[in-house]
Amino acid sequence: MLITFEGIDGCGKTTQLKLVAEMLESRGFKVHSLREPGGTDVSEAIREILLSSKSKLNDITELLLFESARSNLVESIIKPALAKGDYVLCDRFFDSTTAYQGYGRQIDLNVIQNCNEIATGGLKPNLTFYLRLSLQESKKRAGSREKDRIEKAGDNFFLRVIKGFDEIAANEPERVKIIDASGGIDETKIEIFKHISI
Ligand code: TYD
């Protein structure tokens, strides 16, 4: 079972992923907690390039680096884990590429879809939690901490990213559950746990 967590910065997906992992582990399931980009040595190295403010990347280079990191993670960790019947929880997956590179950078959505297919070999999450947060709230939570290269993209970019996640969720309501992430950790957790039937 592959469960992914999506949303803009500050939505709390990393915290919620941890809570779901703890719950599943406490019930005796084997759980792999991963993040994108990352999760393997190669993908973590690509992550460094992608997030470094020193990297001068055009939009297609950026897209292909995210997909390269994804392909490496899918083939070396995710698929073998799923084949064993383990749970895989992933902090971001291809919906982030659709939202950030598709809606945010405005790369043709058909191109994005094809690249996502190539990188995942057609693998789709069984369940995706989209932790919905307004841009205003995201900025409030970010405070004054230093921004990475992508976070420096500006308000209009992030408004398009939010629209992207909203449309993804509207198009695939069976897979993508919208979770109101504006409340506290426990409120969000309760909403998420309602969707996990084990
Ligand atoms: P992440 O580690 O989730 O950052 P944060 O915890 O601050 O949300 O993700 C790294 C950044 O990469 C984040 O700004 C979103 C971006 N990203 C994309 O633009 N496209 C993608 O396909 C993925 C997976 C992430």
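Indexing begins at 1, ligand by ligand and atom by atom, following the structure's order.
- At a 4.0 Å cut-off, at least one heavy atom of Lys13 sits close enough to ligand 1 to count as contact.
- Using a 4.0 Å cut-off to heavy atoms of Ile150, the atoms of ligand 1 that qualify are 12 (O), 14 (O), 16 (C), 19 (O).
- Using the six-membered ring where Trp is involved, Phe158 and Tyr100 have ring planes that are perpendicular, over 60° apart on the 30 and 60° scheme.
- The protein atom (non-hydrogen) at minimum distance from atom 10 (C) of ligand 1 is Leu51 CD2, 3.9 Å.
- Shortest contact from atom 3 (O) of ligand 1 to any protein heavy atom: Arg92 NE, 2.6 Å.
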query: Where do Asp180 and Leu133 land on the side-chain contact (heavy atoms from CB on, under 4.5 Å) test, with the steps shown first?
result: CA-CA 7 Å; Asp180 177 4; Leu133 196 66; over 6 Å; no
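- Tested against Asp91, the residues Gln16, Lys13, Lys18 include a single side-chain hydrogen bond (donor to acceptor under 3.5 Å, both in side chains) partner, Lys13.
- The ligand atoms of ligand 1 that sit less than 4.0 angstrom from a heavy atom of Glu151 are 7 (O).
- A perpendicular orientation is assigned to the rings of Tyr87 and Phe29, their planes being inclined by more than 60° (bins at 30° and 60°).
- A donor-acceptor contact shorter than 3.5 Å is absent between the side chain of Ser55 and the backbone of Leu57.
- Of the options Ile118, Val111, Ile112, a side-chain contact (heavy atoms from CB on, under 4.5 Å) to Cys115 is made by Val111 and by none of the others.
- Here Glu44 pairs with Arg35 in a salt bridge; the nearest charged N to carboxylate O distance falls below 4.0 Å.
- Summarising the contacts of atom 17 (N) of ligand 1 with Phe158, Phe94, Phe66, the nearest heavy atom is found in Phe66.
- Shown in contact with Gln101 at under 4.0 Å from a heavy atom are these atoms of ligand 1, numbered in order with element: 18 (C), 19 (O), 20 (N), 21 (C), 22 (O).
- Atom numbering of ligand 1 starts at 1 in the shown order; those under 4.0 Å from a heavy atom of Thr97 are 21 (C), 22 (O).
- Those atoms of ligand 1 that come under 4.0 Å of a heavy atom in Asp9, given as number and element, are 4 (O), 5 (P), 7 (O), 8 (O), 14 (O).
- Summarising the contacts of atom 2 (O) of ligand 1 with Lys147, Glu62, Arg70, Arg47, the nearest heavy atom is found in Arg47.
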